[in-house]
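Counting convention: from 1, in listed order, for ligands and their atoms alike. If you're wondering where the values come from, they're calculated on a predicted model, not measured in any experiment.
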Amino acid sequence: MTDNSISVDKIQDCLGAHPWASLIQVFDEVDSTNTLAKTLAAQGAPEGTILIADRQTGGRGRLGRSFLSPGDVGVYYSLILRPGCSPGELMHLTCATAVAMCEAAEEAFGFRPGIKWTNDLVVGRKKLGGILTELSLNPKTGLVDWAVVGIGINCRQREADFDPSIRDMACSAAMVLGQDADRNVLIGTMTKALHRMSVTLLAAKDAILEQYRRDCVTLGKQISVVRGDEVFHALALSVDPEGGLVVRLEDGTEQTVNSGEVSIRGFYGYI
Ligand code: BTN
């Protein structure tokens with residue numbers, strides 16, 4: 001029988017001599033790898049610390065949502081960064097992470113997902129994964145003390161494995177490939193792509209956002225924008241230099257919506 005467990009040794013085999021290879025920790029079960037990463041970051045864990053779990057009991061998504069994280073099938077991954085810049089210079093961190101994940105999936109599996117603005121990885125009309133970035137500022141300097149980049153990827157699920165509440169909207173790498181998908185290989189390519197991203201994050205912001213716009217499947221689509229109890233329809237026009245989504249409303253006016261305050265839906269479904 002094939003052993004599909006996540007293991008530090010197998011990940012390190014994929015990585016070879018990589019600066020972050022010795023900073024990887026794998027857990028059978030945690031509440032949330034992001035929550036654990038935030039605790040360790042506050043205790044001084046270095047940039048490149050990577051926490052991976054086989055399952056999460058309290059996986060978190062954007063806007064306070066939960067992220068279902070069953071064992072044996074997904075990759076639940078959090079990385080600590082210490083970019084030492086102002087928070088304003090990191091507005092594109094989620095976008096940069098999404099582009100890195102497109103590269104990682106392409107290298108591991110040979111298909112490139114799309115990005116549903118701002119933080120969902122999609123294949124066709126279905127969600128493959130999501131990203132949750134969290135920051136802490138140094139109160140004295142006002143600079144970013146640490147950032148935690150959290151990524152959840154559906155890897156090995158078959159359609160029937162998804163909870164009925166999300167089955168119509170979710171897919172996995174194995175469903176795309178038509179065969180099992182190796183989580184250790186994906187974790188290796190994720191780590192390499194995130195390291196490249198961390199090196200170029202500040203200097204190559206424009207190029208990163210250009211690639212984000214190419215990968216973003218939301219642009220050009222009619223969408224519903226949900227802000228609290230308010231819902232309005234709009235056309236997604238572009239992604240601005242900070243990662244905000246520029247939309248045209250039905251009255252012809254344009255607005256930039258921010259990922260911290262709104263979620264979007266395709267006019268006819270999830271995408
Ligand atoms: C979303 O879909 O809104 C984002 C989901 C992010 C999930 C990942 S799984 C690893 C890390 N730990 C968490 O609790 N959340 C992120």
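Under a 4.0 angstrom heavy-atom cut-off, Q56 registers as being in contact with ligand 1.
Ring pair F109/F111 is parallel by interplanar angle, where below 30° counts as parallel and above 60° as perpendicular.
Applying the 4.0 Å criterion to heavy atoms of N119 picks out, from ligand 1, the atoms 1 (C), 3 (O), 4 (C). Of all the atoms in ligand 1, the ones that sit under 4.0 Å from a non-hydrogen atom of Y77 are 10 (C). Short contacts between ligand 1 and G59, defined as distances under 4.0 Å to a heavy atom of the residue, involve ligand atoms 14 (O).
Under 4.0 Å from ligand 1, not a single heavy atom of L63 appears. Of all the heavy atoms of S78, the ones lying under 4.0 Å from any atom of ligand 1 belong exclusively to the side chain. Contacts of T35 with ligand 1, taken as heavy-atom pairs under 4.0 Å, are absent altogether.
Rounded to the nearest 0.5 Å, atoms CZ (R227) and CG (N258) are 9.0 Å apart. The CD atom of E134 sits 4.5 Å away from atom CG of N34, with the distance rounded to the nearest 0.5 Å. The line from CG of L93 to CG of L135 is 7.0 Å long, rounded to the nearest 0.5 Å.
Note: an N/O pair closer than 3.5 Å links K127 and ligand 1 by distance alone.
Nearest non-hydrogen protein atom to atom 10 (C) of ligand 1 is T33 OG1, 3.2 Å. Protein heavy atom nearest atom 5 (C) of ligand 1, with residue, atom name and distance: F67 CD1, 3.4 Å.
Checking each of R196, K192, M190, Q211 against E103 for a side-chain contact (heavy atoms from CB on, under 4.5 Å) leaves exactly one that passes, namely R196. The salt bridge (Lys or Arg N to Asp or Glu O under 4.0 Å) test with K205 singles out one residue from E89, E242, E210, and that residue is E242.
Annotation for D229: atom CG does not count as buried by contact number, only 12 or fewer foreign heavy atoms lying within 6.0 Å.
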